[in-house]
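Since this is a predicted model, take the numbers as computed values, not measurements.
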Amino acid sequence: MPYQLLQGGRRRRRRRRWPVLAALMLAIAVALGAARGVDEVAPATLPPAPGPLLDTGTTPLAGGGTAPSPLAVQLDDPRDVVRTRFRRPPRSGLLFDVDTGRVLWRYRPTRVLPIASLTKMMTALVVVDRVPARPPARATARITAEALAYTGSGVGVLPRGKRVSVEALLHGLLLPSGNDAAIALALRAAGTVPRFVELMNRRARQMGLACTRFASVSGIRDRNNHSCAPDLAALGRAVLREPRLARIVRRRSAVLPFPIKGRKLYLYNNNPLLRSGYRGTTGVKTGYTAAAGRCLVATARRGRVRLGVVLLGSPDPGAQARRLLDRGFARVR
């Protein structure tokens, strides 16, 4: 203990002043906070921030964000007009009216799940935002070593060092789901892949996609790359509203001029509805990884009615989409 020596040799204990000073400072801080009207909570009392909601998680604002966009589907009305059950249901699903956003059928729609190559819907939307449409034949992208170092599905014949039409790459992105095309387009539109991913996430926020986050331009990476059925329905509606993309996603196949031997590129759509000849199919995109399972956003038209389906982790997306669309068209006139 510290002591102070007094005259006459007597000693006394030195008084500690820091408790008094600490109490004084706390009183001043409380007074200032009250004067400003601040209601602060000590950091130690705050609950931990939640991580991304995956698999079994839900989000109350899925597809709508804090300010629902015109593309958001209507989850607030639970009275679905289509009733059907699958022996082996998808992990999540939705049947909706493309024009009005009305939900006709749902199955665990707010589950936040990996989405594989459904990611490429946003990739395509950002590309058409940043690469002018006119004249489309003059917009090109150089095929770099980075684009050719892809994994997973690809166009497979992109010529290194040559310039390729952006429109041809968009076809390669959306029909055979080329990861090489995704990288080449990202480099053309943003200079780097990380910068392009930032643009994808910015566009998702602007669209009010509350449960959507992107970590790659292709969807090959499942970690931190996720969405939910209502958000994907909004993305599908956005793709169909962009004429450059709507023309592509409704095509069963395409033959395009290309700087390779033979001078032509032959591409085929992975969409099971187009492959099976389902009447009125207008798009949109497939996806698959081991974590995401088989995924599909599909749309079709009968007369003036346009319906869409979102299936995540489906055991048979083609058959389940046909069943839902058939029942939807039978109920909506």
Side-chain angles (χ1 to χ4, degrees), residues 62-63 73 82 84 86-98 103-125 152-153 173-179 182 209 211-212 218-220 222 225-240 245-246 248-253 268-301 306-329:
V73 295
V82 172
T84 189
F86 296 104
R87 185 175 62 86
R88 296 175 58 204
R91 295 170 72 183
S92 177
L94 200 68
L95 174 67
F96 61 97
D97 188 306
V98 171
V103 173
L104 308 177
W105 172 88
R106 72 193 77 191
Y107 180 77
R108 305 191 71 176
T110 57
R111 295 182 77 180
V112 183
L113 298 163
I115 58 172
S117 286
L118 299 186
T119 298
K120 295 184 175 82
M121 291 191 293
M122 180 61 86
T123 304
L125 287 169
S153 61
L173 176 80
L174 295 170
L175 271 60
S177 199
N179 295 344
L209 305 184
C211 59
T212 299
S218 65
I220 191 65
D222 294 300
N225 199 90
H226 51 76
S227 187
C228 56
D231 280 9
L232 293 167
L235 275 173
R237 297 177 75 192
V239 168
L240 294 181
L245 302 179
I248 296 173
V249 296
R250 67 171 177 249
R251 303 183 72 173
R252 184 176 181 178
S253 61
Y268 300 91
N269 203 323
N270 288 336
N271 188 330
L273 297 189
L274 285 168
R275 285 180 171 267
S276 66
Y278 186 79
R279 182 164 61 93
T281 302
T282 56
V284 176
K285 191 70 189 72
T286 62
Y288 173 81
T289 62
R294 300 169 71 183
C295 303
L296 176 66
V297 176
T299 56
R301 181 171 187 163
R306 296 195 303 168
L307 300 182
V309 173
V310 178
L311 295 168
L312 300 177
S314 168
D316 189 343
Q320 292 187 341
R322 287 191 295 270
R323 178 173 168 182
L324 288 168
L325 289 169
D326 284 345
R327 299 197 176 193
F329 285 122

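Met121 has its side chain within reach of Leu232: a pair of non-hydrogen atoms, C-beta onward, lies under 4.5 Å apart. Inter-residue side-chain proximity for Gln320 and Pro315 is flagged as met; some heavy-atom pair is nearer than 4.5 Å. With a 4.5 Å cut-off on side-chain heavy atoms, Val249 and Lys285 do not count as touching. Side-chain atoms of Leu209 and Met122, non-hydrogen and from C-beta on, do get closer than 4.5 Å to each other. At a threshold of 4.5 Å between non-hydrogen side-chain atoms, the residues Cys295 and Leu312 count as touching. Counting heavy atoms from C-beta on, the side chains of Ser227 and Leu118 never come closer than 4.5 Å. Residues Pro230 and Val73 are in side-chain contact: their nearest non-hydrogen atoms beyond the backbone lie under 4.5 Å apart.
Contacts classified as salt bridge (Lys or Arg N to Asp or Glu O under 4.0 Å) and involving residues 306-326 (residues at least two apart or in different chains) are given here: Asp99-Arg306.
Residues Tyr107 and Pro90 share a closest heavy-atom pair of CE2-O, 3.0 Å. Closest heavy-atom contact between Leu94 and Pro109: CD1-CB, 4.0 Å. Gly93 approaches Leu311 most closely through the heavy-atom pair CA-CD2, 4.4 Å. Here the shortest heavy-atom pairing between Val82 and Trp105 reads O-CD1, 3.5 Å. Closest approach of Leu296 to Ala321, counting heavy atoms only: CD2-CB, 3.8 Å. Nearest heavy-atom pair, Gly318 versus Leu273, reported as atom, atom and distance to 0.1 Å: O-CD2, 3.8 Å.
How far OG1 of Thr119 is from CG of Asn225: 4.0 Å, rounded to the nearest 0.5 Å. In this structure, the separation between CZ on Arg279 and CG on Leu325 is 11.5 Å, given to the nearest 0.5 Å. Here the OG-CZ distance, from Ser276 to Arg252, works out to 8.0 Å after rounding to the nearest 0.5 Å. Here Ile115 contributes atom CD1 and Thr212 contributes atom OG1; the two are 6.5 Å apart, rounded to the nearest 0.5 Å. To the nearest 0.5 Å, the span separating CG on Leu240 from OG1 on Thr299 amounts to 4.5 Å.
For the residue pair Ser117/Lys120, the side-chain donor-acceptor check at 3.5 Å is satisfied.
In this structure a side-chain-to-backbone donor-acceptor pair under 3.5 Å is missing from Arg327 to Thr84. Judged by distance alone, the side chain of Asn271 and the main-chain N or O of Gly283 form a donor-acceptor pair under 3.5 Å.
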Under the side-chain contact (heavy atoms from CB on, under 4.5 Å) criterion, do Asn269 and Arg251 qualify, and how do the steps go?
CA-CA 7 Å; Asn269 203 323; Arg251 303 183 72 173; 5.5 Å; no

Apply the test side-chain contact (heavy atoms from CB on, under 4.5 Å) to residues Val297 and Leu235: give CA-CA distance (whole Å), side-chain angles for both, the deciding distance (0.1 Å), then the verdict.
CA-CA 9 Å; Val297 176; Leu235 275 173; over 6 Å; no

Apply side-chain contact (heavy atoms from CB on, under 4.5 Å) to Arg250 and Leu274, showing your working.
CA-CA 8 Å; Arg250 67 171 177 249; Leu274 285 168; 5.7 Å; no

Can you give me every donor-acceptor pair (side chain of residues 286-293, partner residue at least two apart or in another chain, under 3.5 Å) with its distance?
residue: Thr289; atom: OG1; partner: Asp222; partner atom: OD1; Å: 2.8
residue: Thr289; atom: OG1; partner: Asp222; partner atom: OD2; Å: 3.3
residue: Thr289; atom: OG1; partner: Ala292; partner atom: N; Å: 3.0

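Contacts of Arg106 classified as side-chain hydrogen bond (donor to acceptor under 3.5 Å, both in side chains), with partners at least two apart in sequence or in another chain: Asp80.
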